[in-house]
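Report on the structure given below.
The figures that follow rest on heavy atoms only: side chains count, while hydrogens, waters and symmetry mates do not.
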Amino acid sequence: ESPPESQTANHQPTPDVKPGTKPKPADSQLEHLYRIATQWAVGTAQADVNRAISDLIEIGMPAFEWMIQRKLAAASHLELRAFVRLAQVIGAPAKSLAARQIDSEDTSRARNALSVAIDAQSTEAGPFLSHALQREPLRRLAVRAAGSVKAREAVPELLPLCLSSDRMLATEAIVALEQIADESSLGTAQALLLSPILPVRKAALSLAAKFPAQAFPGAKIMALDDDERKARVGIELLSALGTPEALSEVGQKLLDPRAGVRIQCLLGLNGRCPQEFRSHLLALRTDPIPTVKAIAVTIDPGR
C-alpha cells in the first residue's frame, strides 16, 4: 500500500541546487541515484531521496537524458515524480527533451511523456499534442495535457472531440478548450450551451463567457427564446458575461411571466443589480410563487 500523499509532499531538493554543477558519473552511479530518488520519501528515507534528487539536478541534462533514454518508458507514477522535478528545475532543455518523447511510437514512453508534460506544466509539449490526440491510446491523456499547458496548437483536434459519443472524452475536450480559451472555439462552446451533460454545459458557458463582446449577441437572443430552458441558459450566460450591457438585459427579464426565468435572473443579479431594475428585484420578495419569493428574499440587490 502506498503512503498517503501528505507523507510524500516533502520530496523536494534544497533550494540552492544548481543544474549542471556536477560532472556526469558512471551509469552505475546514475542507476544508484535513480533508485534512491524514486523511492517513497517517508521516514528515514526522506533525506536520502531529497539528496539523490538534488544530485541528479546538479548533474543536470546528462542525468535527465540518461533517465529519458533508460527509464521513461517503464517509469511508474512514483518514478515520474523524479522526472517532473528535474524538468521543473532544469527548465526548457529538459522539458523540450521530455516533450519530444510524446511522438514516440512506444505508447508507454509517449504516455509517460504526456504525464511529465502535465505535471511539469511544459508548454514545450504543445507542438506534439496534435499527433497524440489522433492516437486512441493516448487521446484522453493528450486532451488533459492540451488543457493543462494551454496548447492552442491542439484546438483543431479538440473541437471534434467535443461531439464524441464518449461522454467522458467530450467533457474533457470542452474542459481543455475552456482552459486554452482560444476564440476559435467559441462557436463550439455556443453549440454546447444546451448539452444534456452538466459538466459540458458548464465548461461551454465558462468558455463563452471569456469573450463578452462576441458572446453577447447570441446570449441576448437565447434569453428571449420561448423555450424556458434556452431562455434560462441565455440569462445564465449574460450573467456570466457580467458587463453592464449584459446585466441590463438580465434586469429587463426580472418580471418575465415564467417563474424559472425570474429565478435565473435573481441568481444572476445577486449583489449587482443595475439601479434601474432594483425595484423589480425587490418586488419579487412578494412574488406569488413561493420558490421565487424564497429566493428573492436571499438576494442582495447590491450597492
Side-chain angles (χ1 to χ4, degrees), residues 2 5 8 38 67-68 71-88 94-208 210:
S2 299
E5 186 71 26
T8 66
T38 55
M67 289 167 60
I68 289 288
K71 301 296 184 179
L72 180 63
S76 66
H77 177 71
L78 180 59
E79 290 174 270
L80 288 175
R81 294 184 182 187
F83 283 86
V84 170
R85 187 60 191 152
L86 263 68
Q88 289 172 328
K95 290 181 178 181
S96 294
L97 177 61
R100 291 197 294 274
Q101 311 310 307
I102 295 170
D103 264 351
S104 173
E105 292 304 312
D106 181 335
T107 300
S108 295
R109 173 176 288 270
R111 184 182 292 113
N112 280 345
L114 284 166
S115 294
V116 172
I118 292 169
D119 291 340
Q121 292 291 287
S122 302
T123 56
E124 292 82 358
F128 303 97
L129 295 178
S130 295
H131 181 223
L133 285 165
Q134 297 169 30
R135 298 170 64 182
E136 197 278 332
L138 302 177
R139 188 169 293 138
R140 293 276 296 274
L141 197 57
V143 168
R144 283 184 52 210
S148 177
V149 307
K150 297 177 171 52
R152 281 183 161 78
E153 304 95 326
V155 168
E157 280 73 32
L158 287 171
L159 292 173
L161 296 181
C162 293
L163 303 177
S164 171
S165 58
D166 181 336
R167 290 166 65 106
M168 186 63 71
L169 179 61
T171 300
E172 291 173 344
I174 187 62
V175 168
L177 288 170
E178 190 275 335
Q179 292 173 304
I180 297 167
D182 188 85
E183 189 177 339
S184 66
S185 58
L186 177 59
T188 295
Q190 291 172 318
L192 293 173
L193 287 171
L194 296 171
S195 170
I197 306 170
L198 180 60
V200 169
R201 193 164 69 247
K202 292 298 184 183
L205 188 141
S206 179
L207 174 54
K210 293 178 186 292

Take Leu169 and Arg140 through the side chain to side chain contact (heavy atoms under 4.5 Å, CB included) test and state the conclusion after the steps.
-> CA-CA 7 Å; Leu169 179 61; Arg140 293 276 296 274; 3.7 Å; yes
Nearest heavy-atom contact between Ala125 and Ala117 is CB-CB, 3.7 Å
Can you give each donor-acceptor pair under 3.5 Å made by side-chain atoms of residues 189-202, sequence neighbours left out, with the distance rounded to 0.1 Å?
| from | atom 1 | to | atom 2 | distance (Å) |
| --- | --- | --- | --- | --- |
| Ser195 | OG | Ile197 | N | 3.1 |
| Arg201 | NH1 | Ser195 | O | 2.7 |
| Lys202 | NZ | Glu236 | OE2 | 2.8 |

4.5 Å side-chain heavy-atom contact, Val143 and Leu133 = yes
Minimum heavy-atom distance between Leu138 and Ala110, given as atom pair plus value = CD1-CB, 3.7 Å
Correct closest heavy-atom pair for Ser104 and Arg135 would be O-NH1, 2.9 Å
For Asp103, side chain to side chain contact (heavy atoms under 4.5 Å, CB included) partners two or more places apart = Phe128, His131
Stepwise side chain to side chain contact (heavy atoms under 4.5 Å, CB included) test for Asp182 and Leu177 | CA-CA 7 Å; Asp182 188 85; Leu177 288 170; over 6 Å; no
List in chain and number order the residues that pass side chain to side chain contact (heavy atoms under 4.5 Å, CB included) with Pro160, two or more places apart in sequence or in another chain; answer none if no residue qualifies.
-> none
Please assess Arg111 against Leu141 for the test side chain to side chain contact (heavy atoms under 4.5 Å, CB included), listing each intermediate value before the final yes or no.
-> CA-CA 7 Å; Arg111 184 182 292 113; Leu141 197 57; 3.5 Å; yes
Check whether any side-chain heavy atom of Leu161 sits under 4.5 Å from a side-chain heavy atom of Ile174, and report yes or no.
-> no
Glu178/Lys210 salt bridge by N-O under 4.0 Å criterion = yes
Roughly how far, to the nearest 0.5 Å, is OG of Ser206 from CD of Gln179?
-> 10.0 Å
Under 4.5 Å between any side-chain heavy atoms of Thr188 and Leu158, yes or no?
-> no
What is the minimum heavy-atom distance between Ala94 and Leu86, and which atoms define it?
-> CB-O, 4.5 Å
Should Val155 and Ile180 count as side-chain neighbours, where that means a heavy-atom distance under 4.5 Å?
-> yes
Nearest heavy atoms of Ala181 and Leu207, plus distance in Å = CA-CD1, 3.9 Å
Without hydrogens or angle criteria, can the side chains of Ser164 and Asp166 be said to hold a donor-acceptor pair below 3.5 Å?
-> no
Give the minimum heavy-atom separation between Val116 and Ser122, together with the two atoms involved.
-> O-OG, 4.3 Å
Results of side chain to side chain contact (heavy atoms under 4.5 Å, CB included) for Glu79 - residues two or more places apart only | Tyr34, Thr38, Ala75, Ser76
Residues in salt bridge (charged side-chain N to carboxylate O under 4.0 Å, His left out) contact with Arg139, at least two apart in sequence or another chain = none
Quick one: do the Glu157 and Ser130 side chains pair a donor with an acceptor below 3.5 Å?
-> yes
Apply side chain to side chain contact (heavy atoms under 4.5 Å, CB included) to Pro156 and list each qualifying residue two or more places apart in sequence or on a separate chain.
-> none
Could you tell me whether the side chain of Ile68 reaches within less than 4.5 Å of the side chain of Arg109, counting heavy atoms only?
-> yes
Interatomic distance, CD@Gln88 vs CG@Asp119, rounded to 0.5 Å, equals 8.0 Å
